[in-house]
Protein chains: 2
Amino acid sequence: MERPTMKDVARAAGVSPMTVSRVVAGEAGVAPGTAARVARAVRELGYQRNDNARSLRQKNLGTSAIGLVVDDLANPFYALMARSVEDQAHRRGYVVLVGSTNDDPRREREVIAAFTARRVDGLILVPTIGGHGFLRQPMQRGTRVVCVDRPARGLAVDTVTVDNRAGARRAVAHLLDRGHTRIACLGDRYDIWTQAERHAGYLDALAERGVPADPALVRHGLRSHGETHAALERLWALPEPPTALFTSNDLITLGVLDAPPRPRPVAVVGFDDLPLADRLDPPLTVVSQDPHALGATAADLLFSRIDGESAPPRDVVLPTRLLIRTPRG
Amino acid sequence: MERPTMKDVARAAGVSPMTVSRVVAGEAGVAPGTAARVARAVRELGYQRNDNARSLRQKNLGTSAIGLVVDDLANPFYALMARSVEDQAHRRGYVVLVGSTNDDPRREREVIAAFTARRVDGLILVPTIGGHGFLRQPMQRGTRVVCVDRPARGLAVDTVTVDNRAGARRAVAHLLDRGHTRIACLGDRYDIWTQAERHAGYLDALAERGVPADPALVRHGLRSHGETHAALERLWALPEPPTALFTSNDLITLGVLDAPPRPRPVAVVGFDDLPLADRLDPPLTVVSQDPHALGATAADLLFSRIDGESAPPRDVVLPTRLLIRTPRG
DNA sequence: ATGAAAGCGCTAACAG
DNA sequence: CTGTTAGCGCTTTCAT
């Protein structure tokens, strides 16, 4: 009924706990007959080693656990990232603890504290806007940290992002190429790094073509379809309403597509691809990023740090792609 | 540099480790002055309690960790479930270990073994087709288990599913109502419980209306767009090709929508809702389920078991909804 | 209100 | 090849 320990197995096999330890760890140098007796006792008792106790004693081997802290695990983008991270971790015999921050620095600290209290060997982090000084201590003490999707202000760690600014610039340039000059920019909270970057790319494109930037066309802080719809209403009410929209994340793109139709349709280009985007009428042109590559790269960096790599922090910037979709002929 | 332990804090505060333990655990019965000195030492040394060591000694409190084992974390459906589970766990001070099985019993065993080796207090499991006898031992020894999305053959545990069969029946009945009699059923691997249930619901609807079931119209084992496209080609080549399709999961629905267009369009009803389904032309009617409710219910059941609830295993079956979408007027 | 001793389950380091 | 001793970081139990 109670969980058997190595001592129980040792007694059943007529050996010392140390021998059991060696057999269970698959170490060489145990007589085949002894090993067989131990293995049989393990099977009969249904013994499974307690890996928490193990990692308590083995200071050099770590816990074989990493933490993954994302904005929102339910977001398909982060879910794909998580899956890539998990695959790599599984391959290397690590388990993954996950947590969502909801972009709330307090929750971020709670989640990270819970993870470091369990002595994870590393942390893959989509940082919130909050400060991250509290990570410095754990890092000095051996917890490796990699940021992904966004950098953490003032934290010198490996970071994997996509080129948000260039992606946004190309998207807006595409709209300019099609003759639009009144292009609105709809974004999420401006204090989210990716959103500020994409807005910068929007301005870059306008400046490149000498199109004046009209602040009335820029709306940030859109966190729901309702807020997106309200923002659209205010845009339509302008003396010179926009003829095209640049939507700065997938939720906002969906909000726009979900809004009541306009008499004169507007062109939309969105950041982040959506599953049925190419089946819409008209099909939706988007800036797509590769969440799988983000997760896999972050995991690569983390594990190479865990393996002892000690070069200065690296910034990896992955490209985006502009998927131009035209009505099917 | 090294991580400080309670002993270090004790030395710095001029007390015994036991007093530090009490202060850090927030226990009453420590003199305020002493507590303050300890708290200061904790802050100055940057001490954080090792919760693995803690749970090693505290046998009654458990590890405050649960495991979540899904088919594929990248699937938006499971990602939403995972987020609900994580929210509940966070609220209760638990951490969540996640793993994907890919519907592979071997990987499922590996993931579960890694979790029980770390002595998770509970497991929320989307079981593969494989046997689950290996769970009986850990369960007797205190690991609580709840199944979600599918039952595990021959494992008497709380299980949360949706009414797949009734949902499929209504979807197909809807197509029959619209005059279709040649309705194909496109499914994933038939050994996945939900797929067999949905197929049964498909047959139910046909039987109810006295429409003969033609085995040539049923295709299972579709795991990619390519396989779905191939299945469609064979259907179109039939002497009497189908005029409507029932697609038994979201991946297959997307595969169908992605296929080359037909001269005469076919009606499609899919299991699982998709983000832009209502903006398609024609809009897509679907059977929708609520992954959030699935996850939250499973977590509720698990935590009530962890809290000591010992009633016989319960089966919770959640409803589905048929979202009938018609062209916008 | 505080501390000393013992031990959770395991393994490093050293015998033999 | 196998066992003994000690101790990872913490808490239980019992003193004081």
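Every chain is numbered from 1, with letters handed out A, B, ... down the list of sequences.
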Q: Using a 4.0 Å heavy-atom cut-off across all strands, classify T34(B) as base, sugar-phosphate, or nothing.
A: sugar-phosphate
Q. Judged by modelled atom types alone, do N52(A) and R54(B) share a side-chain donor-acceptor pair under 3.5 Å?
A. no
The answer to which of R54(A) and A35(B) contacts DNA chain C further toward the 5' end, by nearest nucleotide, is A35(B)
Would you say the side-chain atoms of T63(B) pair up with the backbone N or O of R119(B), donor to acceptor, closer than 3.5 Å?
yes
Between R144(A) and L302(A) (side chain of the first, backbone of the second, donor and acceptor by atom type, cut-off under 3.5 Å), is there such a pair? no
Rounding to the nearest 10°, end axes of the helix from dA1(C)-dT16(D) to dG16(C)-dC1(D) built from five pairs each make an angle of 40°
| Can you check whether A311(A)'s main-chain N or O pairs, donor with acceptor, with E309(A)'s side chain at less than 3.5 Å? | yes
Looking only at side-chain N and O atoms, does Q58(A) come under 4.0 Å of OP1 or OP2 in dA12(C)?
yes
5'-most to 3'-most nt of DNA chain D touching chain A (<4.0 Å, heavy-atom partner on protein side) reads dC1(D) to dG9(D)
Whole-Å distance, D51(A) CG to dC10(C) P, equals 9 Å
Please check if any side-chain donor atom of T128(A) sits under 3.5 Å from a side-chain acceptor atom of D103(A), or the reverse. no
- Given R109(A) and D104(A), is the salt bridge (Lys or Arg N to Asp or Glu O under 4.0 Å) satisfied, shown in steps? CA-CA 9 Å; R109(A) 283 184 80 128; D104(A) 173 1; over 6 Å; no
- Query: Below 4.0 angstrom, N of the basic side chain to O of the carboxylate: do D71(B) and R107(B) qualify?
  - Reply: no
Taken to the nearest whole Å, CD/E27(A) to P/dC10(C) is 14 Å
Worksheet item: When you measure from the side chain of T159(A) to the backbone N and O of C147(A), does any donor-acceptor pair fall under 3.5 Å?
Response: no
Under a 4.0 Å heavy-atom cutoff, the residues of residues 7-24 of chain B touching DNA chain D are M18(B), S21(B)
To the nearest angstrom, the CZ-P distance between R118(B) and dC8(C) comes to 22 Å
Whichever of V30(B) and R57(B) has the more 5' nearest nucleotide on DNA chain C, that residue is V30(B)
To the nearest angstrom, the CG-P distance between L61(B) and dC8(C) comes to 17 Å
Here the distance between atom P of dG9(C) and atom CE of M6(A), to the nearest Å, is 12 Å
Here the distance between atom P of dG7(C) and atom CG of N52(A), to the nearest Å, is 22 Å
Notebook entry, point to check: Is there a donor-acceptor pair closer than 3.5 Å between any side-chain N or O of D121(A) and the backbone N or O of G62(A)?
Noted result: no
### Message
Do the side chains of D51(A) and R49(A) get close enough for a salt bridge, i.e. N-O under 4.0 angstrom?
### Response
yes
message: Under the criterion side-chain hydrogen bond (donor to acceptor under 3.5 Å, both in side chains), I'd like the reasoning laid out for R3(A) against T143(B): C-alpha separation, chi angles, the key distance, then a yes or no.
response: CA-CA 11 Å; R3(A) 271 181 211 280; T143(B) 310; 3.1 Å; yes
